[in-house]
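A, B, ... follow the sequence lines: proteins, then strands. Residue 1 opens every chain.
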Number of protein chains: 2
Amino acid sequence: MLLEIYLCFTELQMDRINIKKLAEELNLSKSTVSRAFRDNDDIKADTKARILAKAKELNYQPNHYASNLREQKSRTIAIIVPELANNYFSQAIHGIERIAREHNYHILIYVTDDDYQKEVDFIRHLHNGRADGIIMSASGEANNHSYLNKLGGKRLPLVFFDRVYEDIDVPRVVTNDYDSSFKATEHLILQGCEKIAYLVVNKSLSIGKTRMQGYIDALEKYRIKFDDRYIVDCSNSYEENDVIVKEVLKDLKPDGIFASVERLAFATYYACYDLKLEIPKDLKVISFSSLEIAPLLNPSLTTITQPATDIGGQAAQLLFNLLEGEQVVSTIQEVVLKSKLFIRNSTNK
Amino acid sequence: MLLEIYLCFTELQMDRINIKKLAEELNLSKSTVSRAFRDNDDIKADTKARILAKAKELNYQPNHYASNLREQKSRTIAIIVPELANNYFSQAIHGIERIAREHNYHILIYVTDDDYQKEVDFIRHLHNGRADGIIMSASGEANNHSYLNKLGGKRLPLVFFDRVYEDIDVPRVVTNDYDSSFKATEHLILQGCEKIAYLVVNKSLSIGKTRMQGYIDALEKYRIKFDDRYIVDCSNSYEENDVIVKEVLKDLKPDGIFASVERLAFATYYACYDLKLEIPKDLKVISFSSLEIAPLLNPSLTTITQPATDIGGQAAQLLFNLLEGEQVVSTIQEVVLKSKLFIRNSTNK
DNA sequence: TTGTATGCGTTATCAA
DNA sequence: TTGATAACGCATACAA
């Protein structure tokens with residue numbers, strides 16, 4: 001009976017070990033115990049060791065919410081992305097995660113499903129102190145995002161990567177999209193393409209626009225008449241894209257496809273299989289992509305490969321500059337990373 | 001001078017709007033304001049509306065750390081995975097995220113890089129109240145994980161998916177790996193393979209063992225002698241796997257490859273390209289995978305496809321049963337989802 | 001070097 | 001229906 005009570009008691013104790021109980025166990029005050037977990041405080045090495053040992057024994061961890069309420073910072077960054085089950089974004093998050101871990105920060109993940117309202121809600125919500133900063137690839141280019149100017153300022157540092165809002169002045173990491181798509185288009189032209197379709201998911205997104213401009217300018221350089229029917233607005237749904245791409249292939253009979261995201265290159269491949277079109281004979285395909293197995297596709301896919309992991313890492317670095325930097329830098333910081341063209345069989349003559 | 005102080009003051013105010021200031025603005029008490037943000041409390045509809053309007057105007061959000069310190073729960077779940085830039089895990093996380101969002105929970109991501117010590121550290125750390133529960137795919141099968149039995153219990157609910165520790169009694173979501181690999185091996189045999197190599201990343205992992213047993217039993221059924229040189233222990237590094245796989249192909253000359261994870265199938269493809277081996281003529285390949293573009297590979301890859309998103313979703317569901325369930329269920333809950341065999345050209349006669 | 005006391009921003013209990 | 005007050009667990013200024 002006594003044993004039972006004892007067990008019950010210790011279980012309860014186990015259930016919630018806190019600084020007070022730990023202090024009692026050690027016959028010390030809470031403040032002394034607290035000091036043991038901070039680096040720069042005055043505490044006898046001996047005492048500190050005793051405390052840490054006991055803490056480990058009892059599995060004590062300073063309560064995160066109490067600490068952060070006190071210190072007004074969370075050592076947490078939030079990542080907001082349009083989608084998760086996506087090569088590019090998972091690599092970028094991987095890059096962020098690595099840097100965050102080095103800095104002993106934790107990461108929260110938020111997925112907007114390309115829904116601008118969710119993005120707004122997430123950001124608004126995050127102003128409750130849950131995160132010290134945000135790294136985001138934007139979802140709602142077409143919308144009014146002035147709310148970010150109010151919120152996004154010094155209160156909660158924000159860094160963009162890849163998909164940015166041009167009108168919001170925050171640090172950002174992008175790739176040299178204009179050059180890359182110019183070169184991509186040029187490559188198709190030099191391989192003999194004359195009717196090049198540009199597939200894009202959301203052409204109002206700045207990233208879509210930049211890439212499109214490279215395409216347009218390359219056409220111009222080679223005196224190929226621009227025809228806006230060849231700018232094809234696609235969606236995020238496999239089924240819809242299948243219909244859209246097949247229509248384009250049948251109606252416009254392009255001899256080159258420039259896909260602004262890898263998903264659209266896949267849609268093109270599937271469509272060609274179904275329509276018995278042969279890549280690269282009937283149609284050459286090039287795509288922005290960070291797919292590591294592009295060489296294994298049938299045919300191997302010519303890609304403009306973005307350094308996705310690096311992009312994430314740099315974005316994290318920019319955020320930590322804001323969070324931990326001594327001096328406030330007032331100019332916009334923009335990091336431009338280079339994509340690289342890998343020529344493979346999908347664009348071979 | 002006064003102006004400066006005033007500006008400074010308002011800036012500070014803007015910087016940190018809290019319940020007290022909001023209450024002062026409204027000439028109400030903190031408690032009344034607090035009530036406006038809870039559902040079931042007594043408060044005049046009129047007052048509540050006034051409060052919420054003002055809160056929106058001032059961009060007030062109840063401080064997360066204070067709330068959670070008070071309520072002793074965080075509405076946050078932690079996900080621990082071996083790696084992130086990986087098709088399977090990013091799909092699984094996507095599944096978890098969807099369910100978590102439905103429940104209004106946030107997610108923290110931790111990546112172990114297959115390092116058991118990191119896993120232990122993460123879990124230990126998470127006992128500081130930062131998360132209400134953990135969903136994990138394990139990294140350290142070979143190690144002693146009894147620490148989990150102490151920690152993992154009621155204090156911080158834990159759910160496994162995919163890679164589990166058999167000796168830890170917590171809910172789990174797995175796939176029918178034994179059956180699937182039996183069928184996969186059988187499929188290779190029926191396609192005429194006689195020397196089938198099984199590629200595995202960590203054969204001491206239970207998931208590797210289960211899959212291996214299916215392979216072994218299928219061989220036995222068809223009276224093919226088991227030779228443990230055909231069990232090939234690979235790594236997580238591209239370079240190392242390239243060497244390992246090529247050696248196997250050259251030395252053992254298998255006519256079938258069964259890859260326990262998709263990365264090893266890719267390594268096999270690359271090796272075959274280099275060694276001028278033709279799939280499926282010289283070598284048939286089948287792989288566990290959740291790759292959506294398996295049909296686009298050259299040749300299209302026969303897969304045992306795991307419902308990765310679903311696995312994540314179910315794991316989240318199990319965790320929410322623990323977190324929100326009224327009754328404590330004492331038996332182990334195990335959810336088994338079925339993988340599906342998709343026969344494609346890599347195993348065609 | 002250690003202890004005491006206060007407050008971080010909430011929510012819950014109780015009283016009004 | 002609302003207000004005053006005490007905790008939640010911790011970190012720090014100050015006292016000893």
Looking at [N], I'd like to know if its phosphate oxygens (OP1 or OP2) sit under 4.0 Å from a side-chain N or O belonging to [X].
X       : N     : answer
B:Thr47 : D:dT2 : yes
A:Thr32 : C:dT1 : no
A:Asn18 : D:dG9 : yes

Over how many whole Å does the gap from [X] atom [atom1] to [N] atom [atom2] extend?
X       : N      : atom1 : atom2 : result
B:Ile51 : D:dG3  : CD1   : P     : 8 Å
A:Asp42 : C:dG3  : CG    : P     : 14 Å
B:Lys30 : C:dT13 : NZ    : P     : 16 Å
A:Lys20 : C:dT6  : NZ    : C1'   : 16 Å
B:Leu26 : D:dT2  : CG    : P     : 12 Å
A:Arg70 : C:dT6  : CZ    : C1'   : 8 Å
A:Glu24 : C:dG3  : CD    : C1'   : 14 Å
B:Arg35 : C:dT13 : CZ    : C1'   : 10 Å

* Looking only at atom types and distance, does a side-chain atom of A:Arg130 sit under 3.5 Å from a main-chain N or O of A:Thr76, one as donor and one as acceptor? -> no
* Contacts of B:Tyr116 that satisfy ring-ring contact (aromatic ring centres under 6.0 Å, His included) - sequence neighbours left out -> none
* Starting at the 5' end of DNA chain D, which residue's closest nucleotide do you reach first, B:Gln72 or B:Lys44? -> B:Lys44
* To do: Report which part of the nucleic acid A:Ser67 touches: base, sugar-phosphate, or nothing (heavy-atom distance under 4.0 Å, all strands).
  => sugar-phosphate
* Asked: Which is true for A:Tyr60 with a 4.0 Å heavy-atom rule: it touches a base, it touches only sugar-phosphate, or it touches nothing?
  -> sugar-phosphate
* Asked: Going by atom types only, do A:Gln117 and A:Asp121 share a side-chain donor-acceptor pair under 3.5 Å?
  -> yes
* To do: Any chance you could lay out the ring-ring contact (aromatic ring centres under 6.0 Å, His included) test for A:Tyr110 and A:His125, step after step, and finish with the verdict?
  => CA-CA 11 Å; A:Tyr110 297 89; A:His125 176 90; 7.3 Å; no
* Structure fact -> salt bridge (Lys or Arg N to Asp or Glu O under 4.0 Å) pairs touching residues 63-77 of chain A, sequence neighbours excluded, are none
* Asked: Nearest to the side chain of A:Arg38 - D:dG9, D:dA11, D:dA4?
  -> D:dA11
* Structure fact -> Of the listed C:dT10, C:dC8, D:dG3, the closest approach to the B:Ile19 side chain comes from C:dT10
* Do B:Ser31 and D:dA4 share a donor-acceptor pair, side chain to base, under 3.5 Å? -> yes
